[in-house]
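Data first, discussion second: the structure below is written as structure tokens.
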Amino acid sequence: MAHTDQPIDTLVSISGTLASIGLALVAILVSKASIDHVEMIADDLFLFSSLGFLFVVVLGYLAQKQQGTSRSARLLTAAEWIFSASLATIVIGAVAMVYSTV
């Protein structure tokens, strides 16, 4: 079976989109007139998850540039772990936002 870059491409594409969404949520929360403590926590979670997704984009780019080496495999593994952590963080932030509106 031929080696493809599909996992790297998928991670980079999805991470870029999720980073943009997270930063848009941060901008929306910052523009509110008043923000409570739970919304501040959600804002921070969205910001940290966006940073994580941006790191995934960088790691994915580096993995593509060093394709075929053992370093590429390690970069891809790190990108997958950071992606998973960032995804969990954005979900926790979304739960906090829902909690703050209830």
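Below, each value reflects all heavy atoms present in this structure, side chains not excepted, and no hydrogens, waters or symmetry copies. Residue numbers run from 1 in the order of the sequence given.
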- Query: To the nearest 0.5 Å, what is the distance between CD (E80) and CG (L75)?
  - Reply: 11.5 Å
- L47 pairs by side chain to side chain contact (heavy atoms under 4.5 Å, CB included) with which of L29, L25, V26? V26
- Query: Taking the side chain as C-beta and beyond, is there a heavy-atom pair between L11 and L76 under 4.5 Å?
  - Reply: yes
- What closest approach, in Å, do I8 and G60 show between heavy atoms, and which atom pair accounts for it? CG2-O, 3.4 Å
- Query: So, T89 side chain and A85 main chain: donor-acceptor pair closer than 3.5 Å or not?
  - Reply: yes
- Task: Find out if a path of hydrophobic residues (ILVMFWY) with successive side-chain heavy-atom gaps under 4.5 Å connects V38 to I92.
- Result: no
- Would you say I14 and I90 are hydrophobically clustered, going by side-chain heavy atoms of ILVMFWY under 4.5 Å? yes
- Task: Sequence neighbours left out, what pairs pass ring-ring contact (aromatic ring centres under 6.0 Å, His included) with at least one residue falling in residues 31-63?
- Result: F53-F83
- Approximate separation, where rounding is to 0.5 Å, of Y99 OH and I41 CD1: 10.0 Å
- Do D9 and Q64 touch side chain to side chain, with heavy atoms closer than 4.5 Å? yes
- Message: Hydrophobic clusters here meaning ILVMFWY residues chained together by side-chain heavy-atom distances under 4.5 Å, can you tell me if L51 and V30 are in one?
- Response: no
- Item | For Q67 against S72, the heavy-atom pair lying closest together | CA-OG, 3.9 Å
- Message: I'd like to know if V91 and M40 are part of one continuous hydrophobic network [Ile/Leu/Val/Met/Phe/Trp/Tyr, side-chain heavy atoms within less than 4.5 Å].
- Response: yes
- Message: Between Q66 (side chain only) and A63 (backbone N and O only), is there a donor and an acceptor less than 3.5 Å apart?
- Response: no
- Note on the structure: Which of V12, I82, L87 passes side chain to side chain contact (heavy atoms under 4.5 Å, CB included) with V56? Answer is I82
- Consider only side-chain heavy atoms of I, L, V, M, F, W and Y, link residues closer than 4.5 Å, and tell whether V57 and L18 are in one cluster. yes
- Query: Quick check: does any side chain N or O of S50 sit under 3.5 Å from a backbone N or O of L23, one acting as donor and the other as acceptor?
  - Reply: yes
- Task: Give the minimum heavy-atom separation between S86 and G52, together with the two atoms involved.
- Result: OG-CA, 3.2 Å
